[in-house]
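Structure first, commentary second.
Residue numbers run from 1 in the order of the sequence given. These figures come from a predicted structure and were not determined experimentally.
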Amino acid sequence: MSDMKSGENRIDVLFVVNEPGEFVELHRFAEFFLKKQSARCAFLFTSPSFKNLRRDSFHCRRIGAQVFHPGKAIPARIDDECQSVDPLDNGYTPLSLASKDDAKETGALGWSLLALLAPLFLAELFIKRLRRPIGGSFRRTSRIRTFSYAHEVYKRTRPGVIVFGQEFPGSVNSWLTKLSKRDGTKTLILPFAVGTTKEMCESLYTIPGFDANANLLNRFCARFFPHWVNYYKGKKLLRLPGVEVIAIELAGIAPLHPWLPNWSSVDLLAVESKEMLHYYRKYGFPDQQLVLTGSMNDDILAGLQSKNEELRRRITKTLGLDEYRRVAVVALPPDQFSSRKIPLEFGNYEELCRAWADALSVLQKSDSFNVIIRPHPVTDKKMLKDIFEQRDMIVTNLDTVELVSICDLFVASVSSTIRWAIASGKPVVNYDVYDYGYSDFDSAKGVVTISHFRLFQGALIGFVFGHEKLIELEEKQKSCAKDWGCIDGQSGERIATQVIAMLEGGNKC
């Protein structure tokens, strides 16, 4: 691919990552694409405080993709990081030996300049120390620095295609999309999760800064920028606080519909299922922007179908479980108590986990089920092990997609992983423990959505004493599975076809 571009672009595909959830899908496609094509790929992590930055950077390096993040120097030449001089027997030639004409001892002029500049260096260190809070380090990074760094990466790498995991107002993605439109660079959104307007409303309506009547600036924005307004549960809301709305409008990166997830002027939006295609069309997304591709997780599920029993035996043996029991996989929700400002059933996250453990122990104690707990990546694993392993349930970090493929029952809380289970024809218990009231999975016939703990307990007990209920849900789920995914093993090929067409100067829809 780099040969085809003949040096026109230093990077063929730039993947932009804003949050951990996006990385998995983008990385899986990048790995697939690099095996298929000779191309140069890079990942831009937009925040220096990105969780798992070091680990995810390693995975990028492993597949041969370059990594950028604020605070990391951008080489003057993108190829510089890959260059080396002739190797010696014990490693690589140091510059002082390899380039004797260029590498000389520090001269009198160098020492003189160092002496003149030393006070400036010391002053900078002193200022940084004054800004550092007691007991911690000063880590605040301004939004301007984040945007500036992304702009510089874009300018230096000159990508042929930029791939995002999502779009949301005021993001680095919006700025890069604007630059791409100006320069003719192609852009693609490869969604990592189902997102809806209701999800945003539920997250924001209890936060004072998003109330359209909270202050004079918010009222001004609601009056003169009405497309930023929405009404929910008796409140008039802004999608962002007024000061951010004004900054985004002035920067010229404001979306036409701020309350619609993934609304953007990107060239293409890769749609993971017929259900999501219907959703996007219903809300007025341009048809020419939508292409039904499926997702990389769909390809993993497709590949596992033919060896499902073998994988099931291997996982149950690895975890020390009875291979003749049914498998209930639980995608445990993360701690979201700090962001939910409404009364909830449980007082804190540990209390929630203990309640889930009590309810799930009914399955584990029966002769019918093994219960496997798959925690959210940001959860305290030690606490979970203490709670669940006391009740003989296994806590594991095995790939959720693999666990979905072998399970007979999938339990989660309004998680995007539920789509994988539906597409695989697996019965689902969706316990809306944080009372979001999402309707994302209402049309899936094999999903039981529950919002109260007693009903959650009752549903699990019902599966122990009524196996026919599980079979009935499985049949219902299989009847609609094709609408929730593309389990044909060709999703990666379809996405890659779009990216290649973009690199060659067009879209292949």
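- With contacts defined as side-chain heavy-atom distances shorter than 4.5 Å, the pair Arg156/Phe68 does not qualify.
- Smallest separation of non-hydrogen atoms from Leu190 and Ala270: CD1-CB, 3.8 Å.
- Between Pro333 and Val433 there is a side-chain heavy-atom pair separated by less than 4.5 Å.
- With respect to Tyr431, the side-chain contact (heavy atoms from CB on, under 4.5 Å) criterion is satisfied by exactly one of Ile450, Leu455, Val448: Ile450.
- Checked against a 6.0 Å centroid threshold, the rings of Phe337 and Tyr434 count as neighbours.
- Ring geometry for Phe15 against Phe43 counts as parallel: the plane angle stays under 30°, on a 0 to 90° scale with 60° as the upper cut.
- The salt bridge (Lys or Arg N to Asp or Glu O under 4.0 Å) check on Lys274 picks up nothing, with sequence neighbours excluded.
- Between Phe225 and Phe220, the angle of the ring planes goes over 60°, which puts this pair in the perpendicular group of the 30/60° scheme.
- For Arg239, the side chain to side chain contact (heavy atoms under 4.5 Å, CB included) partners are Phe168, Pro169, Met200, Leu204, Trp228, Pro258, Trp259, not counting sequence neighbours.
- By the salt bridge (Lys or Arg N to Asp or Glu O under 4.0 Å) test, Glu350 is found to be paired with Arg354, residues two or more places apart in sequence or in another chain being considered.
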Would you sort out whether Ile11 and Gln66 count as a side chain to side chain contact (heavy atoms under 4.5 Å, CB included), showing the intermediate values? CA-CA 9 Å; Ile11 293 294; Gln66 209 165 347; 4.1 Å; yes
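- Aromatic rings from Phe456 and Trp356 are positioned such that their centres are separated by under 6.0 Å.
- Taking 4.5 Å as the limit, every side-chain heavy atom of Thr379 sits out of range of all side-chain heavy atoms of Asp335.
- Pairs passing the ring-ring contact (aromatic ring centres under 6.0 Å, His included) check and including a residue from residues 189-213, sequence neighbours excluded, read Tyr205-Tyr232.
- Counted by atom type alone, Asp267 and Thr187 present one or more donor-acceptor pairs between their side chains at under 3.5 Å.
- Ring orientation note: the planes of Phe346 and Phe453 are nearly perpendicular, at an angle over 60° on the 30°/60° scale.
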Tell me, with the steps shown, if Asn173 and Asn18 meet side-chain hydrogen bond (donor to acceptor under 3.5 Å, both in side chains). CA-CA 9 Å; Asn173 301 4; Asn18 289 271; 2.8 Å; yes
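- Residue Val271 is tested with Leu277, Thr293, Val291 for a side-chain contact (heavy atoms from CB on, under 4.5 Å); the sole match is Leu277.
- By the salt bridge (Lys or Arg N to Asp or Glu O under 4.0 Å) test, Glu493 is found to be paired with Lys36, residues two or more places apart in sequence or in another chain being considered.
- Scanning for side chain to side chain donor-acceptor pair (under 3.5 Å) contacts around Arg454 gives Gln457, with sequence neighbours left out.
- Taking the six-membered ring wherever Trp is involved, the centroid distance between the rings of Tyr279 and Phe285 does not fall below 6.0 Å.
- Results of the side-chain contact (heavy atoms from CB on, under 4.5 Å) test with His69 over Val17, Thr46, Leu53, Val153 single out Leu53 as the only residue that passes.
- Inter-residue side-chain proximity for Leu188 and Leu269 is flagged as unmet; no heavy-atom pair is nearer than 4.5 Å.
- Considering every non-hydrogen atom in both Ser405 and Leu301, the closest pair reads CB-CD2, 4.2 Å.
- Taking the ring centroids of Phe45 and Phe23, they lie under the 6.0 Å cut-off.
- Both tests pass for Arg340 against the ring of Tyr436: distance under 6.0 Å to the centre and angle within 45° of the axis.
- Remark: side-chain polar atoms of Gln305 are not paired, donor with acceptor, to backbone N or O of Ile300 under 3.5 angstrom.
- Counting all heavy atoms, side chain and backbone alike, Val401 lies closest to Asp399 at N-OD1, 2.9 Å.
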